[in-house]
Amino acid sequence: MTSLFQILMLLIDVAFMIILVHIIMSWLINFGVLNLRQPIVAQIWDGMNRLVEPVYAPIRRRLPAMGGLDLAPLIVILALYVLEIILRNNVSLFL
């Protein structure tokens with residue numbers, strides 16, 4: 001059962017990294033550092049959007065309009081941290 005705990009923690013870490021990379025990439029695209037006309041950048045961006053949009057979409061529907069400010073990634077990161085805390089506090093159930 002310890003392996004299950006470690007796998008869950010790994011999945012949380014991977015999800016956090018994917019969201020973090022998506023956030024950084026969106027900043028780089030908006031500031032003109034990355035260009036979506038480059039095929040590799042466009043492919044990576046499309047892949048990242050396909051990974052995170054199913055998670056962001058329900059959150060965006062429930063949030064009020066914030067005038068261009070997207071709080072969905074912040075809410076997902078907070079939810080991942082909450083899940084990690086819950087798992088760490090209940091690690092005895094996995095032993």
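Two residues are said to be in side-chain contact when any heavy atoms from C-beta on lie closer than 4.5 Å; Ile19 and Tyr56 meet this criterion. In this structure, Asn90 and Leu93 have side chains that are in contact, with non-hydrogen atoms separated by less than 4.5 Å. Two residues are said to be in side-chain contact when any heavy atoms from C-beta on lie closer than 4.5 Å; Val52 and Ile18 meet this criterion. Side-chain contact between Ile23 and Ile77 is present, with heavy atoms from C-beta onward closer than 4.5 Å. Side-chain contact between Leu87 and Ile12: present, with at least one pair of heavy atoms (C-beta onward) separated by less than 4.5 Å.
Remark: Asp70 engages Arg60 in a salt bridge (charged side-chain N to carboxylate O under 4.0 Å, His left out) (not counting sequence neighbours).
With values rounded to the nearest 0.5 angstrom, Gln6 atom CD is found 10.0 Å from Leu4 atom CG. Expressed to the nearest 0.5 Å, how far CD1 of Ile24 lies from CD1 of Ile29 amounts to 12.0 Å. Here the CD1 atom belonging to Ile44 is positioned 11.0 Å from the CG atom belonging to Leu36, to the nearest 0.5 angstrom. Rounded to the nearest 0.5 angstrom, Arg50 CZ and Trp45 CH2 are separated by 13.5 Å. Rounding to the nearest 0.5 Å gives a distance of 10.0 Å between CG of Leu83 and CG of Leu11. Between the OG1 atom in Thr2 and the CD1 atom in Ile7 there is a gap of 11.0 Å [rounded to 0.5 Å].
The main-chain N or O of Ala42 is never found under 3.5 Å from a side-chain atom of Asp46 such that the two would form a donor-acceptor pair.
In the hydrophobic clustering of ILVMFWY residues, with side-chain heavy atoms under 4.5 Å counting as a link, Ile59 and Val82 come out apart. Placement of Leu51 and Val14 within a single hydrophobic cluster is found when ILVMFWY residues are connected by side-chain heavy-atom separations under 4.5 Å, directly or transitively. No chain of hydrophobic side-chain contacts below 4.5 Å, direct or via other Ile, Leu, Val, Met, Phe, Trp or Tyr residues, connects Ile85 to Phe5. Grouping the Ile, Leu, Val, Met, Phe, Trp and Tyr side chains by contacts below 4.5 angstrom, directly or via other members, places Met48 with Phe31.
Of all heavy-atom pairs spanning Leu71 and Met66, the tightest one is CD1-CE, 3.7 Å. Considering all non-hydrogen atoms of both residues, His22 and Asn49 come closest at NE2-OD1, 2.8 Å.
The side chain to side chain contact (heavy atoms under 4.5 Å, CB included) test with Ile75 is passed by exactly one of Val55, Leu63, Leu80: Leu63.
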